[in-house]
Structure formats: structure tokens, C-alpha cells
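The structure displayed is predicted, hence computed values, not measured ones. Letters go in sequence order (proteins before strands), and every chain restarts at 1.
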Number of protein chains: 2
Amino acid sequence: MCNACLIENVKRETLSRRQLFTGAAAVGAASVAAGLMSARPLLAQASGRIVDLTHTYDETFPTFSGEPGIVYDKVYDLAADGYNLYKLTIDEHTGTHIDAPMHFSADGNSVDEIPVESLMCPLCVVDISAKASEDPNAMVEPEDIEAWTSANGDLPEGALVAMHSGWAAKVGDESFRGDGTNLAFPGFSKAATDLLMEAGAGAIGVDTLSLDPGNSADFAVHYSWLPSGRFGIECLTGLDQVPATGATAIVGAPKHRGGTGGPGRVFALL
Amino acid sequence: MCNACLIENVKRETLSRRQLFTGAAAVGAASVAAGLMSARPLLAQASGRIVDLTHTYDETFPTFSGEPGIVYDKVYDLAADGYNLYKLTIDEHTGTHIDAPMHFSADGNSVDEIPVESLMCPLCVVDISAKASEDPNAMVEPEDIEAWTSANGDLPEGALVAMHSGWAAKVGDESFRGDGTNLAFPGFSKAATDLLMEAGAGAIGVDTLSLDPGNSADFAVHYSWLPSGRFGIECLTGLDQVPATGATAIVGAPKHRGGTGGPGRVFALL
């Protein structure tokens, strides 16, 4: 998994802190570490900057079904009761949310069962915004993955591969969901996600309402990717603020027992 | 905030990667960086191990009110509909969850408005499990904070200070909520949280149902800490698996607009 090499590096550490502070190597050592580690998808590369990949959502946030994905019921109010509290009714697949394997499989992991180690992983961003601006049902195809690896090297083991189609910017507009008549938005092609499985990716993410494109008739990606034990993330935002490679994703999936997914908080660490 | 010094360090980087790899400083450089940075609460110290501080929860999970905090309604089923999906009705303050400032204030930030930078911060664990084993309403007092700083140095700016009382292990038992008659569990004293405010802490967390102890009659911590613009986390677990200092907390707060808090996913990065 994505942490193994980091842990291995730490185990290799042999110098004591005293040696470190007295050694001539100290100046610029942070840079040295960044250089040494840059061939690997390591958290220790991180500068400490955090980028939020999560939309704020409410009852107006677009959903696949078109129905409100969250309903608020204010059951306690500060003026009357001394504190504020809502009861929320939430469709699990609303806002920036996780698709757990069991969303599309009989025996896959529920959202609380996704191994925690896979919730911190290298983040790879595949930008198809140019072709998506021409075709709302554009797909991440194998050649987009190949173009990514040509530019950035092999996909890191266990990576979250996220499609950046530019759709996050449309979230306040009807065009986020469709073309006026039908659902229409970018997604992954099954051929691309088959390739990602072979390459060892652990998760896929999209900045649209579905892993499959809006005009999908068969949900081929949902029916192959999720039953393989991998998870997905839908309605990401902020992907224009992270590099194609080098960031670490932290996937704050919800942890209600037996859930098929749910709204979460997703971050990129730079 | 907790990331400022990291970013500053990165800005100071002056050596090129080529220089780094050819320089004599390369051997053990990762250790050097760890040493240089150890005086500061930096993510770059991280080994890459992730510890989940979040309980799995369902309708049986203990709540402050005693009512179920989540109700499941399975609206789509794989066999009949082709996929699984639940509609969930959730009390915002259920499971491992965030208390946003507006939970106990008229104009404080809602959960979606908590600045993202404060959701990644140094994690400090104050262990009061010994006295909590004698008194279920034990409190983190100023002397516990002072004992922590004597052992570990000053609190890092913007830290999440978490009470480890040992209560997480009781979650399946009635004693998690009370003594059979009354609510009874550990929490913070207001004197301690006043001290933490002065010291620049950004958040407090507990492994119990409330920031205030179970026998609190006035919710003094809720009414002072949250209106100050700081947030809280209740029902943490896993605090026995992280050191008193040196870990980084990632707080995956939910992001529904205007929320007073809600179930989240909280991690420690070691």
C-alpha cells in the first residue's frame, strides 16, 4: 500500500538527533529529504499545505436523481433551547461522497470497512478538461492514462486517480447535470478503469455526479470497479489546485456501519 | 497556523535536486530533516502511518440523549434495483463528530465554515486515564496541561488537544454514558480550556460524549470554548495508539452548509 515505502524509509533511519544537529549536513537538509524521496509517492514530501477537495453542499446541491440529497430539520435552537442542532436526512450519495464497494456489489466492503490505509494514498490527477469542453460526455480513456504516465512516470501503487474535467466549476448551473434533456457529464471509460486496475490503482475519483459518464446506459465502471473491492469518489472539487502527481490524498470517508458510501471530507496534502 | 512554519521551510529551500543527490549530505538526509524539524509540529516529520481516531457507529452507538443517533432506510437494494443505497437520518452530534462554534453560539462558524487550515494541525494527547478510572466525572485540569507541557514542551500553535480518559474502550457498555442513574464520563474543566485558549490551542477533543464532564450542570466548556471560534470533537477513539505529541491530526469534518457539526472522520498521521 501507499505507506509501505514511507515506513521502510523511517526504519532505515540510523542517525541520532544529536548527530544530525552537530553534522555539517544540517543546512538545507529538508531539501535533501525532499529530493531523496521525490521518486516515491511519500507523505514526507509534503510541504504541509492542505487543499480541500470537498464541495459545501445543502438541499440545492445537484444530485444524480434530481431530488434534494439532504434535508435539514432544526430540532434545537440556541434562543429557545440553549444550543443549535439539526437532524439531517441524507441520501448517502450526495455532495462530495464515497462509493463503497457494496454500493454495486452483494458482498463488497461497506464504507466503514474500507481499510484505513487505503484512505491515505498518492493522488494522481488526469486532466481531460480540454476534450470535456467539447463533449459533455467525454471519458477518461486508456490513452489519457498513457499520456499521464508518459508525462509523470508509473502510477504509484494504491493511487487515487482523479478525473479533472472542469465540471466542479459548473456546480451552480444546470449544465452540471445535463444538457437540458438528458444527463450529460464526463466520467471514466471501462477500458480506462480496467487499465488502472492492472496498474494497481486503489480508487478513482471524478468531479462529476458519477464514475460513469452521464450518457452511460450500463454503468460499466460502477459494475466492474466497485465489485473489485476498490472505491470511488464523486463530486470532487479543487482538482485545479493540485499537481498531476506528488500530492497525497486523505479520504475522510464516513464510518456508519454497513453504509454503501456517504458524504465525506477529501483533502490533498501538498 | 500549524502549516505556516512548514511552508516557510519549503520557501527556504535553495538547493536543486541535482545538488542534493551529488552532495555528501545525501546519506541519512531524511533523518536530518526529521531532526531539524522536530522542534516544530510539522507534517514533514510524519512516517506515513495513519491511525484512525473514528468509531464505527450505527443505531446502537451511545448518544448524549439516549436516542438512536442514526436511522437507516434502505431505499435501493442490489437484487431488486441493481444497486444498494440508504437514506440516513442523522443527529448531527452522533458517533465521532465535530462540534462547530455555532453549536453553542448565535454567530459562530458553522461546520462548513471552519477554516480548512485548522483541520490539519498538531495533535497533543493528555492522558487522564488513571484518575478517570477512579472517578467517572474526572476532568482535565490546568495541572494536567502543565504536566503535559513539562514532559513535552510548549503546546504547538493551533493544536488539537485531546483528552484520553480510556472511555473509548467502554463504548459497548452502559458505563460509557453513565453510572446507572446519571450521565457520568470525563471531560475538560473550564479552567483547563481557558488555559488552552491562552496557549493558542485551536481545538479540543474527548473520547467521551461531551466536552464537559457527564455531571456538568452548566456546560461551561461548550459555552466558552465554542463561542470563542474554536471547535471540538467528541467520541474519539484510538488515542491509546498515538504519542502524547508529534502526530498530526487530520479532521475530516462534514461540509453541509450551516451545520452545527456532524459525524466526521478523524485521523492521526504518525
Open item on the list: Within the supplied structure, the quantity of interest is the number of heavy atoms (other residues, nucleotides, ligands) at a distance under 6.0 Å from A:Tyr76 OH; does it exceed 12?
Closed with: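 Atom OH in A:Tyr76 is not packed in, count stays at 12 or less.
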Which atoms of [X] approach chain B - backbone, side chain, both or neither, heavy atom under 4.5 Å:
X        : value
A:Leu88  : both
A:His55  : backbone
A:Phe219 : neither
A:Tyr72  : side chain
A:Val251 : backbone

TODO: Mind ranking A:Ala79, A:Gly82, A:Gly261 by heavy-atom pairs under 4.5 Å with chain B and telling me who comes out on top?
DONE: A:Gly82
Open item on the list: Counting heavy-atom pairs under 4.5 Å with chain B, which one of A:Leu85, A:Val75, A:Thr56 comes out on top?
Closed with: A:Thr56
Task: Toward chain B: residues of residues 227-242 of chain A with heavy atoms under 4.5 Å - done: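 Within residues 227-242 of chain A, no residue comes under 4.5 Å from chain B.
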Open item on the list: Counting only non-hydrogen atoms closer than 4.5 Å, can you tell me which residues of residues 93-103 of chain A sit against chain B?
Closed with: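 The stretch touches chain B at A:His93, A:Met102, A:His103.
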Measure the shortest side-chain to side-chain distance between [X] and [Y] over non-hydrogen atoms and say whether it is less than 4.5 angstrom.
X        : Y        : answer
B:Thr260 : A:Tyr83  : no
A:Leu269 : B:Leu269 : yes
A:Ile90  : B:Thr89  : no
B:His256 : A:Tyr86  : no
B:Tyr57  : A:Asp112 : no

Task: Pairs involving residues 52-72 of chain B, ordered by first then second residue, that meet salt bridge (Lys or Arg N to Asp or Glu O under 4.0 Å) (sequence neighbours left out) - done: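 For residues 52-72 of chain B: A:Lys255-B:Asp52, A:Arg257-B:Asp58, B:Asp52-B:Arg265.
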Task: Summary of salt bridge (Lys or Arg N to Asp or Glu O under 4.0 Å) pairs that have at least one residue in residues 85-96 of chain B, sequence neighbours excluded - done: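 Found none.
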Contact part of [X] toward chain A, heavy-atom cut-off under 4.5 Å: side chain, backbone, both or neither?
X        : result
B:Pro254 : backbone
B:Tyr223 : side chain
B:Val71  : neither

Open item on the list: Main chain of B:Phe104, side chain of A:Asn84: is a donor-acceptor contact present, judged purely on distance under 3.5 Å?
Closed with: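 No, the answer is negative, given that no donor and acceptor are paired below the 3.5 Å cut-off.
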